[in-house]
Amino acid sequence: MKSSQTALPEFAVERPRGNPGEVFRVFLKLGLTSFGGPIAHLGYFRDELVVRRRWIDEAGYADLVALCQFLPGPASSQVGFSLGILRGNGLLGGLTAWLAFTIPSAVILLVFALGAAALTGPVAEGFLHGLKLVAVAVVSQAIWGMAKVLTPDRERAGIALAAVAITVFIGGTFGQTGAIALGSVAGLWLCRADVPVQAGRLSFPVSRRGGAIALILFAVLLVVPPLVAGFTGHEAVALFDAFYRSGSLVFGGGHVVLPLLQEEVVTPGWVTNEAFLAGYGLAQAVPGPLFTFAAYLGAVMGPAPNGLAGAVIALVAVFLPGLLLVYGMLPFWDALRLRPAAQAAMRGANAAVVGILGAALYSPVWTNAVFSPVDFALALAGFLLLVVWKMPPWIVVLLLTAGGGLLHPI
């Protein structure tokens, strides 16, 4: 005889909690071994935390990934932060997960930044040029993959083209934020396709009050630091503001941070284009989140604070908005996900970021890396290795860096 009670979805069942120490050990292992970018990271998380350790089930994990892809910020780090909250029973567990997953790549990039000044001579300059060509290949691959997923129809392709035009003709941060805003508005009009949303429930130890406080803090940090920096001229506040605003606008994947950070640190002369692209190329070879590129930029800044202090400020600032947003939205996601207007606006915003990244592929990435037919051949080879042969990015980094060192002695 069948029971008359309705069974709860598996992911709604209370699961045993761990502790921050366990969370740190697991995410440190992931931070040391998770190569390949955010999509690959989500695969590593699923294998380790859903299949092997059973911290959350498949349906709950899919719902969490959907939330983090809906929000601006680094999706894989947001998923890891949320799983740390779940297993570590609160905010401390989430922060522990983020720290452990972030430290390995941040330290590697910081060490490279502090030693970059010693890389002189023809061969070293050739290696650095190879890293710039890596950036060409990786950004091209990102646009290729994102365009297929985020601009699959004429309406969203049109939004992407409009975003290219806005970014090129207006320029600056205003052009980029304007393109995303107009993409969202256009999405409300053009992207209201009927997309079924599977009912679900995320059960995390985050109260609605705690979520509301996080969302308010996100908005305050978006408004107050630029005012303080404008009135006082404090360099540390200006550095925090530049990276926080960049982290607040990253829709559609970690590679979108490239044009945002370029505008914030290269245009005012804080970092040279050459150093910027070399660091971005190296960031493809390290495990963990791409956003740790911020640690490199904070360390190589021209004005103080730079070095270790600059790296810490930049690293915290670029991750903080995404973490505040996901913490704030965890208690409210189930209601928001059912609203067609919110889904349509996000489809338009995601299409716009494809256009923004496309504009960045030309400048600064292409214009500062491809100077000869040899450069073009190396960049094209890297692109094909990534897209056609599905080679891991760190191998492409090694091959193109070696090619730059051998073929571009100065």
Side-chain angles (χ1 to χ4, degrees), residues 30-44 74-77 101-113 115-116 119 126-146 246 250 252-262 265 271 273-297 299-300 314-315 318-319 357 360-361 364-366 368-370 375 378-405:
L30 289 166
L32 289 166
T33 58
S34 296
F35 291 88
I39 300 301
H41 298 165
L42 295 177
Y44 289 118
S76 61
S77 292
F101 186 59
T102 305
I103 279 178
S105 56
V107 169
I108 294 170
L109 290 169
L110 174 61
V111 170
F112 177 75
L119 296 176
F127 287 152
L128 293 176
H129 186 78
L131 287 173
K132 297 178 195 177
L133 296 175
V134 171
V136 176
V138 169
V139 174
S140 299
Q141 180 207 24
I143 295 171
W144 179 270
M146 290 170 65
S246 297
V250 177
H255 293 289
V256 181
V257 81
L258 171 72
L260 300 172
L261 288 179
Q262 190 271 344
V265 303
V271 178
N273 251 325
E274 290 71 24
F276 183 89
L277 292 176
Y280 184 77
L282 180 69
Q284 314 307 317
V286 299
L290 181 61
F291 267 42
T292 53
F293 176 45
Y296 166 87
L297 293 176
V300 300
L315 189 69
V318 80
F319 277 101
L357 195 57
L361 174 61
V365 177
W366 185 280
N368 285 275
V370 179
D375 293 339
L378 286 173
L380 180 61
F383 173 76
L384 294 175
L385 289 172
L386 290 168
V387 172
V388 179
W389 282 277
K390 310 296 183 184
M391 194 164 287
W394 65 270
I395 294 181
V396 177
V397 171
L398 292 178
L399 291 175
L400 265 64
T401 303

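Quick caveat, the model's predicted, so the values are computed rather than measured.
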Between atom [atom1] of [X] and atom [atom2] of [Y], what is the distance when rounded to the nearest 0.5 Å?
X: L290; Y: H41; atom1: CG; atom2: NE2; result: 8.5 Å
X: Q141; Y: F383; atom1: CD; atom2: CZ; result: 7.5 Å
X: L133; Y: L400; atom1: CG; atom2: CG; result: 6.0 Å
X: F293; Y: Q284; atom1: CZ; atom2: CD; result: 9.0 Å

> S105: what forms a side chain to side chain donor-acceptor pair (under 3.5 Å) with it, not counting sequence neighbours?
Replying inline: T292
> What residues form a side chain to side chain donor-acceptor pair (under 3.5 Å) with T102, not counting sequence neighbours?
Replying inline: W98
For residues [X] and [Y], report the shortest heavy-atom separation together with the two atoms involved.
X: S76; Y: F101; answer: OG-CE2, 4.4 Å
X: V397; Y: A285; answer: CG1-CB, 3.6 Å
X: L386; Y: P393; answer: CD2-CA, 3.9 Å
X: L315; Y: A295; answer: CD1-CB, 4.1 Å
X: V136; Y: L361; answer: O-CD1, 4.0 Å
X: L277; Y: N368; answer: CD1-CB, 3.4 Å

> Hey, does the side chain of H129 reach the backbone of A369 with a donor-acceptor pair shorter than 3.5 angstrom?
Replying inline: yes
>> Please evaluate residues Q262 and V365 with respect to the criterion side-chain contact (heavy atoms from CB on, under 4.5 Å), reporting the C-alpha separation (whole Å), side-chain torsions for both, the decisive distance (0.1 Å), and the verdict.
In response: CA-CA 10 Å; Q262 190 271 344; V365 177; over 6 Å; no
Can you sort out the partners of [X] under side chain to side chain contact (heavy atoms under 4.5 Å, CB included), two or more places apart, ordered by chain and number?
X: L357; result: V139, A142, I143, M146, H255, P259
X: L385; result: W389, M391, V396, L399
X: L110; result: L114, A299, L308, A311

> Which class fits the ring pair F319 and F291: parallel under 30°, tilted 30 to 60°, perpendicular over 60°?
Replying inline: tilted
Sequence neighbours excluded and cut-off under 3.5 Å, please list the side-chain donor-acceptor pairs for residues 31-40, or say none.
unit_1: T33; atom_1: OG1; unit_2: K29; atom_2: O; d: 2.8
unit_1: S34; atom_1: OG; unit_2: L30; atom_2: O; d: 2.7

> Is the distance between the ring centroids of Y296 and F276 less than 6.0 Å?
Replying inline: no
